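Step one of this worksheet: look at the structure below.
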Protein chains: 2
Amino acid sequence: MNPRATTKPRINSATAIRAASLRRRESEKLGVRRAILAAAGELLLESGYAAFSMRKLAERIGYTPTTVYRYFRDKDALLMTVVSDGFVLFEEKLRQAIYGEHDPFAQLQALGRAYVTFGLNHPMHYRVMFMQRADFWSTMPEDFCQPMMASFEVLHAVVQRAIATGESSQTQARTVSHAIWAQVHGVVALALTMPFMDPPQVTAMAESGMQLVLEGFRRR
Amino acid sequence: MNPRATTKPRINSATAIRAASLRRRESEKLGVRRAILAAAGELLLESGYAAFSMRKLAERIGYTPTTVYRYFRDKDALLMTVVSDGFVLFEEKLRQAIYGEHDPFAQLQALGRAYVTFGLNHPMHYRVMFMQRADFWSTMPEDFCQPMMASFEVLHAVVQRAIATGESSQTQARTVSHAIWAQVHGVVALALTMPFMDPPQVTAMAESGMQLVLEGFRRR
DNA sequence: CCGATATAGTTAACACCGTTAACTAATCGC
DNA sequence: GCGATTAGTTAACGGTGTTAACTATATCGG
């Protein structure tokens with residue numbers, strides 16, 4: 001109440017305000033960043049990759065295109081952040097999928113189903129990372145791809161355990177992991193590409209593909 | 001020699017000239033069209049899909065960008081023609097691959113190898129059709145995709161013959177064909193995408209993938 | 001042979017795009 | 001209060017696909 005407070009408290013409250021102000025400012029900045037990312041995700045899903053533009057994104061969030069460049073170096077960095085963030089959930093889904101099973105081969109089947117399900121449920125994330133902008137894998141800094149690589153390591157670990165059971169004549173875990181990855185990736189890619197693939201056909205292809213590969217893998 | 005020839009021959013030679021002129025004009029037009037297609041293929045291979053532009057193409061062949069539009073409706077139609085033409089060779093390679101073998105399962109392995117080889121040898125055709133412009137499958141008139149569909153029918157026929165041998169417990173030829181397609185497509189796509197995949201790793205993945213799928217398929 | 005016509009090609013423009021330098025307004029720290 | 005930082009905007013540059021309007025040339029009918 002007293003306008004002339006002593007210096008001691010004045011200084012204390014000043015530093016407190018300064019800290020709080022910094023916090024608020026940073027949280028506001030984070031808020032705008034999140035708004036950009038959210039709008040970018042929506043726009044990408046609605047309009048597709050080809051029609052996604054910085055100008056439309058800016059208009060959607062009520063900012064000038066230039067403002068987006070305060071938060072992301074360029075369009076590619078923004079896109080990559082959207083997609084990379086999405087793939088954090090991907091690794092989570094894969095880890096969830098193997099919780100329910102104990103047999104490594106059953107875990108592989110569960111992984112395959114989770115992989116395909118994610119790809120179909122997040123078509124734009126999948127399309128950008130593996131189809132339209134596959135160059136991201138070589139052009140982007142390594143840590144951007146870390147969520148995707150971590151997901152692969154989940155598969156790789158299960159394949160190693162499957163080989164360790166002695167139920168397979170295969171020995172090269174890395175190669176087998178790549179082959180299984182190719183199978184599920186191919187299923188998702190074809191499902192997202194071929195207009196004549198309706199949901200029943202897609203699940204039939206996915207189940208058949210997993211069955212063939214896993215039977216071939218388990219055979220000794 | 002006589003400048004005042006009779007009307008009869010004059011008319012005959014006139015119609016002959018007219019026909020020849022038409023032929024020449026059409027062949028010239030075809031020549032320009034082929035030049036555009038050739039330059040487009042080169043430019044695509046050298047610069048990649050993202051950097052491919054009508055203006056650069058026009059400059060390369062010494063015409064104005066507008067001229068290209070006399071020969072192709074738009075950029076997509078041009079691109080699709082380049083790629084579709086490339087895939088005619090694809091079907092040929094697949095048919096060659098099964099000539100050497102008689103056992104349907106051996107034919108499937110040969111088909112898989114030919115598929116992967118083509119994808120790696122014509123990365124831009126493959127990228128455009130299955131990755132960057134996968135939308136062509138739904139956007140373009142059906143006959144543009146005919147070469148690719150014909151290639152799939154080669155695979156489908158062999159799978160049907162493999163099932164007919166009774167050496168497999170599988171019954172749905174179409175579903176199995178899709179699954180095998182997914183496998184080889186996944187191999188090519190990952191090979192063209194992942195920077196850490198060197199040639200030995202790619203062939204290991206391809207061989208392993210085919211082996212797993214075909215063993216799973218043959219198992220009764 | 002000559003004039004109408006079709007055809008091949010060019011010029012100039014439109015509406016977009018990603019990106020950036022230069023500016024404004026407000027807030028922060030002393 | 002005042003300089004410095006920060007958020008945001010304006011305006012522009014060079015590039016894109018595409019098209020309307022134009023020019024020049026060759027063809028065709030009389």
Side-chain angles (χ1 to χ4, degrees), chain A residues 7 10-36 40 43-44 47-80 132-133 135 139, chain B residues 3-5 7 10-11 13-36 40 43-44 47-80 132-133 135 139:
Chain A
T7 35
R10 167 96 54 93
I11 285 176
N12 280 351
S13 92
T15 63
I17 283 187
R18 193 174 63 174
S21 160
L22 188 68
R23 261 204 313 278
R24 191 215 59 199
R25 233 176 21 175
E26 276 178 354
S27 110
E28 277 174 1
K29 180 142 189 169
L30 250 172
V32 176
R33 194 187 141 95
R34 264 201 293 269
I36 294 177
L43 183 59
L44 192 61
S47 321
Y49 172 78
F52 177 92
S53 86
M54 298 295 267
R55 291 175 141 98
K56 285 186 200 146
L57 168 64
E59 193 200 324
R60 174 176 292 236
I61 56 177
Y63 284 105
T64 297
T66 328
T67 302
V68 182
Y69 286 83
R70 284 214 162 278
Y71 296 86
F72 298 93
R73 191 165 33 77
D74 54 17
K75 188 186 182 184
D76 280 6
L78 167 60
L79 266 177
M80 189 59 170
Q132 266 99 345
R133 297 309 303 275
D135 59 285
T139 49
Chain B
R4 293 184 296 102
T7 34
R10 167 96 55 90
I11 287 179
S13 93
T15 61
I17 284 186
R18 193 175 63 174
S21 161
L22 187 68
R23 260 204 314 277
R24 191 217 56 200
R25 229 175 25 170
E26 276 179 354
S27 109
E28 276 174 3
K29 180 143 190 169
L30 250 172
V32 176
R33 193 187 142 96
R34 264 201 294 268
I36 295 177
L43 182 58
L44 192 60
S47 322
Y49 171 79
F52 177 92
S53 87
M54 299 295 266
R55 291 175 142 96
K56 285 186 200 147
L57 168 64
E59 190 199 295
R60 174 176 291 236
I61 56 178
Y63 283 105
T64 298
T66 330
T67 301
V68 181
Y69 287 83
R70 284 214 162 277
Y71 296 86
F72 298 92
R73 193 165 32 77
D74 54 17
K75 188 187 182 183
D76 280 6
L78 167 59
L79 267 177
M80 189 60 169
Q132 265 100 345
R133 297 308 303 274
D135 59 283
T139 318

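Quick note on labels: first sequence line is chain A, next is B, and so on, each numbered from 1. Just so it is clear, the structure is predicted and the values come from calculations on it, not from any experiment.
Contact annotation: A:Tyr71 side-chain N/O to D:dG8 OP1/OP2 distance is under 4.0 Å. An OP1 or OP2 oxygen of D:dT18 is reached within less than 4.0 angstrom by no side-chain nitrogen or oxygen of B:Thr66. OP1 or OP2 of D:dT9 sits under 4.0 Å from a side-chain N or O of A:Thr64. In this structure, A:Tyr69 does not reach the D:dG8 phosphate: none of its side-chain N or O atoms is under 4.0 Å from OP1 or OP2. The phosphate of D:dG15 (OP1 or OP2) has no side-chain N or O of B:Ser53 nearer than 4.0 angstrom.
Between the OH atom of A:Tyr63 and the C1' atom of D:dT10 there is a distance of 17 Å, rounded to whole Å. The distance from atom NZ of B:Lys56 to atom C1' of D:dG14 is 12 Å, rounded to the nearest whole Å. Atoms CD1 (B:Ile36) and P (C:dA8) sit 12 Å apart, rounded to a whole Å. Taking atom CD1 of residue A:Ile61 and atom C1' of nucleotide D:dT9, one finds them 14 Å apart after rounding to whole Å. The CG-P distance, from B:Asp74 to C:dA15, rounds to 20 Å in whole Å. The separation between A:Glu59 atom CD and C:dC16 atom P is 11 Å, rounded to whole Å. One atom, CZ of A:Phe72, and another, P of D:dG8, lie 13 Å apart when rounded to the nearest Å. We find that CZ of B:Arg70 is positioned 12 Å from P of D:dA20, with the value rounded to whole Å.
Looking at heavy-atom distances under 4.0 Å, B:Phe52 makes contact with sugar-phosphate atoms alone, never a base.
You'll find the side chain of A:Val32 reaches within 4.5 Å of the side chain of A:Tyr63, heavy atoms only. Looking only at side-chain heavy atoms (C-beta outward), B:Leu78 and B:Leu57 come within less than 4.5 Å of each other. With contacts defined as side-chain heavy-atom distances shorter than 4.5 Å, the pair B:Thr139/B:Arg133 does not qualify. Within the 4.5 Å cutoff, the side chain of B:Ile36 has no heavy atoms near those of the B:Thr67 side chain.
Partner of A:Met54 under the side chain to side chain contact (heavy atoms under 4.5 Å, CB included) criterion, chosen from A:Asp74, A:Thr66, A:Val68: A:Val68.
One cannot find a donor-acceptor pair under 3.5 Å joining the base of D:dG15 and the side-chain atoms of B:Arg55.
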